[in-house]
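A short write-up of the structure that comes next.
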Amino acid sequence: MEMHDANGDTRRTAPNGAPEDRENVFEVRGLTKVYDMGEVQVHALRGVDLDLYDSELVVLLGASGSGKSTLLNILGGLDTATDGSVRYEGWDLTRATERELTRYRRHHVGFIFQFYNLIPSLTARENVAIVTEIADDPMTPDEALEVVGLGDRSDHFPAQLSGGQQQRVAIARAIAKRPAVLLCDEPTGALDSETGIIVLDALDRVNRELGTTTVVITHNVEQSKIAERVIYLRDGQVETVKVNEHRKAPKELEW
Amino acid sequence: MLLAALNALDRKVLRNLWEMRGQVIAIALVMLSGVATFVMALSTIDSLEQTRERYYQDYRFAEVFAPLVRAPERVAEQIREIPGVSQVQTRVTALVNLSVPGYTEPVSGQLLSIPDDGRPALNQLYLEEGRRLTPGRDDEVILSDIFAEAQDLQPGDSISAVINGRRKQLTVVGVALSPEYIFQIKPGALLPAPERFGILWMGRTPLGTAQDMEGAFNNVTLTLAPGADEDAVIDRLDALLAPYGGQSAHGRDLQPSHNYLSEELRQLRGTATVIPTIFLAVAAFLLNIVISRLINTQRTQIAAMKAFGYSNVAVGVHYLKLVLVIVVIGSIVGSVVGVWMGIELGELYLTFYRFPYLDYVLEPSVLAIALLVSAGAALAGTLYAIRKAVTLPPAVAMRPAPPALYRETLVERLGLKRWFSQPTRMIVRQLQRRPTKALLTVVGVAAASAILVLGQFSGDSIDYMLQIQFDRAQREDLTVSFTDPASAQALYEVQGLRGVTYGEPFRSVPVRLRNGHRTHRTAIQGLPSEARLHRILDENQEPITIPPEGMLLTDYLAELLDVQPGDELTAEVLEGRRPERTVAVAGLVKEYTGVSAYMTVDGVNRLMQEGHLISGLYLAADARYRQEILQSLQERPRVADVTAQEDAVASFIESWAETILTFTFIITLLAGIIAFGVVYNSARISLSERSRELASLRVLGFTRGEISYILLGELAILTLIAVPLGLVAGWLGSAGVAEAMATEMFRIPVVIDRSTFALAALAVLVAAAISGLIVRRRLDHLDLIDVLKTRE
């Protein structure tokens, strides 16, 4: 199977739609998550099998309650699995201790959330610096802000920035440590479409320029067009995986 | 069941309280401490005052007291005729040396006569054990209970006394209490020493015979008719008794037992005001921050309630109920604890103050005031926040509160910023954004440290005072008092006793000092000008040489008389020929007890226009010959009393140690509650306000320790600022207390040991650390996903 990226390059792809020549970053097998809510048990994930590859941009698509956030949280080391395994570069996340998970988040993962979650008492630059101070080989905060086009806003506090600008600071904060994976949970959920496109554009640029494996959760089908692969989740299981023959640039999107 | 009976909003009150139960308990504890102290102190005051009043009435405690040298019994008739006098009781008294079998230390006794029929008109006895005196027997005595208890003497035991130079065997027939000796201390003594000083009641005829006072008396007490002017009666009495050596009558205010207990009650009243005020203020502050935060997190709920049609008042009352539940818990439990503590404190007082009974009195008004004041403090702390919240239009309340605006702090702008890590910047900016909360937290924690210093300071000061008094000033081993002024020859005679290494005479005369309209009754002490044993000290605790001319005054006495060195005052001697002279104030003396004036022995004799006379001796004695010296002195007819110095201190410290330990424990507990309450609540509020950003940091890979630093670092800074401030405040407060407590009898120096400061700091830091750790545990269980998925 062949796959085309937005530049029209052609690559060999594996039968499940994954690029064959790339390293496997995550290997998810039989992943199950059951939430014990007192009297009822909620099966958020029911045996998910999935591989994510180096440098690819994947969109997780699914209805509310399909298990996409749970999957992302387990991939990011924020939540633990009930059963099954998740291997990150061969290392079993599901058997990691609390301390190991913290180190994993610190050095390997970048997070972006719907509500930005910036530290209100720190300026844009300082919000990035709080991560670069504890990372191994980070960019400078200014470099990271430059990547998201906010070099001129670095001394502003979150309360002085618009929603889109705040989310771009969050992206700068997530990428400054040069993470292996970038996990984005509805990054445009709180934004209007115009601002949303700017944010997606920033994510797209990071993925292309830095080659960071990026997973984006959305329930907006239009947004899935920027992905190389779109993974559909339904009732805690992978329904289908679709490969985008033509990866669209965020600026071409409309919703 | 109960829950079902409540309406929905009231159920919400209970559930909200349950959700924040840790904070509710912490605040209720602070409130409880204040209420308990208040109820304890006031109920004890009421109990002691009412018991004393009843005791005074039931046992006919006199109102005016007059010692004299000797007057024939017929003078009593003249006293009865003074307008305003109700009942008169004349008596014979004597201060004597006692020998208790099996006890080798000197013991003094105050002998008091009671009429032969055993029924005094005034100062009646409450017979606790044994029987009354048998008329016609001349060897029976009744002992005061505290002395009998300390010496383990029972009816049937016998002791001996040297009365008027003759040793007499006495049989104990009873043990009794008297309203005149609720507190029992030897005249002129600094500390009570129950086993060394006792009151002995004896029949009028046997004591009169032994004292050569047949048909005469040397002491009279009386009661006043309703509406009588006490001062007028005292003046008339003084005039009447002057020819008989009357030494100035006085009212209850100068009666030692009455005076000590009144002073104790006055101090307790101070406690009842100061401590609860601090606790309730802290509780008000805690309620303020907790309720403000609760309202903040429930903004949208308030909007919804109002959108459903609940009025501003209904919403306001809803939150007020929440506050009042805490007040009611704190007040009720506090009252119960206060009553228990009041009963215990009453029992404790009974070891020092002897009543035949103690009625525990709990005035309903005390409980009502406690409840009202707590409620008032709580409302003062929360009303503004509640009002602000309920008046917010629903549409505004529905939206989340606008994001907090932060700025760079002054320290950062001064260029220190580059040294600060981002977490440190978060700490200092947070402090700057909520300056009132930071300030009040500091004040609360400082109050806790101050209370600890205040609680300890009297112990430290008493230690210091005793050390100065007995190591530097009163260095004699024995004090010998003569029955009458003796010739200086007595010194050489006593110094000749084996084992007496050194001796110094003293001359003491009662006097009234006058400066304009200010007068004061005291005694002039004549001492050798360069004393080696009984020294007087300046304010640097250095011995002073008494100048040949003029008089030295205790600093407190100079203040009372409003005189300074160089001024002159009039000295009216109340003994002998009663001369009146103008004397210059030559200097001041630093003393913590009493209000004495000092001159040289010669100076006093010149003033008295008498020959070379002395009232007694201070002796240094070789411990090996101590018993021999004591025995020899007590055999001498003219020796009225021998006092040994050293063990008086030890026995005092022993008797007070337990009280002081209990008190220290309670104070430490109370202060710990404040420190814990303040730090814990501050931390919980900060956690609630910042859980979102702390969770974000955990997601970004910060460890639990690193985010704890951000949250607890803020509290650590506040605590570290507060502790030294609190220590200074405690020191200033101690000075204030010392000043307020200063009396003629006793002035407490402001001395605080370094160990007290260290202990105060430590206790507060430990309480703060414990609350920090509790919050840290919650931080460890922060639900990262939950926090991040929701909008603030």
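Just so it is clear: chains get the letters A, B, ... in the order the sequence lines come, proteins before strands, and each one is counted from 1.
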Cut-off 4.5 Å, heavy atoms of chain B, and the answer for A/Glu126 is both

#### Entry: Validation row: B/Ile427, B/Gln430 side chains within 4.5 angstrom (heavy atoms)
no

Among residues 167-181 of chain A, residues within the sub-4.5 Å heavy-atom range of chain B, in order of number, are A/Arg173, A/Lys177

- Message: Is it true that B/Tyr384 and B/Ser292 share a donor-acceptor pair across their side chains at a distance under 3.5 Å?
- Response: no

- prompt: Is there side-chain contact between A/Leu101 and A/Arg105, with at least one heavy-atom pair below 4.5 Å?
  reply: yes

Under 4.5 Å to a heavy atom of chain A? For B/Leu697 that would be side chain

| field | A/Thr123 vs B/Tyr406, side chain to side chain donor-acceptor pair (under 3.5 Å): CA-CA, chis, key distance, verdict | value | CA-CA 9 Å; A/Thr123 62; B/Tyr406 286 85; over 6 Å; no

May I ask you to check if B/Arg15 and B/Trp18 form a cation-pi contact, with NZ or CZ under 6.0 angstrom from the six-membered ring centre and within 45° of the axis? no

Within residues 90-98 of chain A, the residues sitting under 4.5 Å from chain B by heavy atom, in sequence order, are A/Glu98

For residues 431-445 of chain B against chain A, heavy atoms under 4.5 Å, the residues are none

B/Arg387, CZ: over 12 other non-hydrogen atoms inside 6.0 angstrom: no

Contacts of B/Thr703 meeting side-chain hydrogen bond (donor to acceptor under 3.5 Å, both in side chains) (sequence neighbours excluded), chain-then-number -> B/Glu706

Do the side chains of A/Leu203 and A/Ile112 get nearer than 4.5 Å, heavy atoms only?
yes

Full working for side-chain contact (heavy atoms from CB on, under 4.5 Å) between B/Val679 and B/Val764: CA-CA 10 Å; B/Val679 177; B/Val764 169; over 6 Å; no

Walk me through whether B/Ile386 and B/Ile295 qualify under side-chain contact (heavy atoms from CB on, under 4.5 Å). CA-CA 7 Å; B/Ile386 293 176; B/Ile295 286 174; 3.9 Å; yes

Side chain to side chain, B/Leu715 and B/Val775, heavy atoms closer than 4.5 Å
no

Per-residue tally against chain B (heavy atom, under 4.5 Å) across A/Phe111, A/Tyr104, A/Phe157 peaks at A/Phe157

Margin query: Can you confirm whether A/Glu133 sits close enough to B/Pro423 that some side-chain heavy atom of one is under 4.5 Å from a side-chain heavy atom of the other?
Written below: yes

Assess, by modelled atom type and distance only, whether the side chains of B/Tyr319 and B/Asn16 contain a donor and an acceptor separated by less than 3.5 Å. no

In the structure I gave you, are the side-chain heavy atoms of A/Leu71 and A/Leu50 within less than 4.5 Å of one another anywhere? yes

Is a side-chain donor-acceptor pair under 3.5 Å present for A/Gln223 with A/Thr188?
-> yes

Whatever's closer than 4.5 Å to a heavy atom in chain B on A/Ile134 counts as side chain

